[in-house]
Amino acid sequence: VQLDNFLNDEEINALMVNTGMLKRSTDQGVVDQETGVQEQVVSQGRTSENAWCMNECERHPVVTRIQHRIADVVGAPVGNFESFQLLRYQLGQEYKR
């Protein structure tokens, strides 16, 4: 399903400003058995950059408006959502499986 024009310019800007710096996309590595933290390794299949909308970003009024619109469309409560991930693909970057 593709939802054209689901976000307006103000909403796009709010997500971009509040997520912070984009960084090279990573994949999940091994889990440290002592800490339970999973290693982040530079992705060989995704050459994009990404950032996550978490904490303050998720509490931004424009972002909460987006979350509630999505909840209305999919029929699931916001509490079931994962954090938004923003991706940027420059010319020549790709996603390979």
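All values derive from a computational prediction rather than experimental measurement.
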Would you name the heavy atoms of [X] and [Y] that are closest together and state the gap between them?
X: Ala71; Y: Ala76; answer: CB-O, 3.1 Å
X: Glu49; Y: Leu22; answer: CB-CB, 3.9 Å
X: Asn50; Y: Gln85; answer: ND2-OE1, 2.7 Å

Should [X] and [Y] be regarded as members of a common hydrophobic cluster, given that ILVMFWY residues are connected when their side-chain heavy atoms come within less than 4.5 Å of each other, either directly or indirectly?
X: Val1; Y: Ile70; result: yes
X: Val78; Y: Leu7; result: yes
X: Leu86; Y: Leu3; result: yes
X: Ile12; Y: Val17; result: no
X: Phe81; Y: Leu15; result: yes

Next on the checklist: Closer than 3.5 angstrom, by distance alone: can the side chain of Gln38 be matched with the main-chain N or O of Gly29 as a donor-acceptor pair?
Outcome noted: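 Such a contact is found between Gln38 side chain and Gly29 backbone.
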
Checklist entry - If you group Ile, Leu, Val, Met, Phe, Trp and Tyr whenever their side-chain heavy atoms sit less than 4.5 Å apart, what else falls in with Met54? => result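 Its cluster partners, ordered by chain and number, are Trp52.
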
If I take atom [atom1] from residue [X] and atom [atom2] from residue [Y], how far apart are they, to the nearest 0.5 angstrom?
X: Phe84; Y: Ile66; atom1: CZ; atom2: CD1; value: 6.0 Å
X: Glu11; Y: Phe6; atom1: CD; atom2: CZ; value: 8.0 Å
X: Asp27; Y: Gln44; atom1: CG; atom2: CD; value: 8.0 Å
X: His60; Y: Asn55; atom1: NE2; atom2: CG; value: 14.5 Å
X: Met16; Y: Cys57; atom1: CE; atom2: SG; value: 12.0 Å
X: Lys96; Y: Thr47; atom1: NZ; atom2: OG1; value: 7.5 Å

Checklist entry - Considering residues at least two apart in sequence or located in another chain, which fulfil the side-chain hydrogen bond (donor to acceptor under 3.5 Å, both in side chains) criterion with Ser25? => result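 Testing Ser25 for side-chain hydrogen bond (donor to acceptor under 3.5 Å, both in side chains), a comparison that skips the adjacent residues, returns Ser48.
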
Item to check | Check: Gln28/Glu39 side-chain N/O donor and acceptor closer than 3.5 Å | outcome: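 No donor-acceptor contact under 3.5 Å links the two side chains.
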
Using a cut-off of 6.0 Å, state whether more than 12 heavy atoms not belonging to [X] lie near its atom [atom1].
X: Glu94; atom1: CD; result: yes
X: Asp9; atom1: CG; result: no
X: Glu56; atom1: CD; result: no
X: Asp4; atom1: CG; result: yes

Item to check | Heavy-atom check, side chain of Arg65 versus side chain of Glu10, under 4.5 Å | outcome: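 Yes; the side chains approach each other to less than 4.5 Å.
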
Checklist entry - Partners of Arg24 by salt bridge (Lys or Arg N to Asp or Glu O under 4.0 Å), sequence neighbours excluded? => result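 Here no residue qualifies.
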
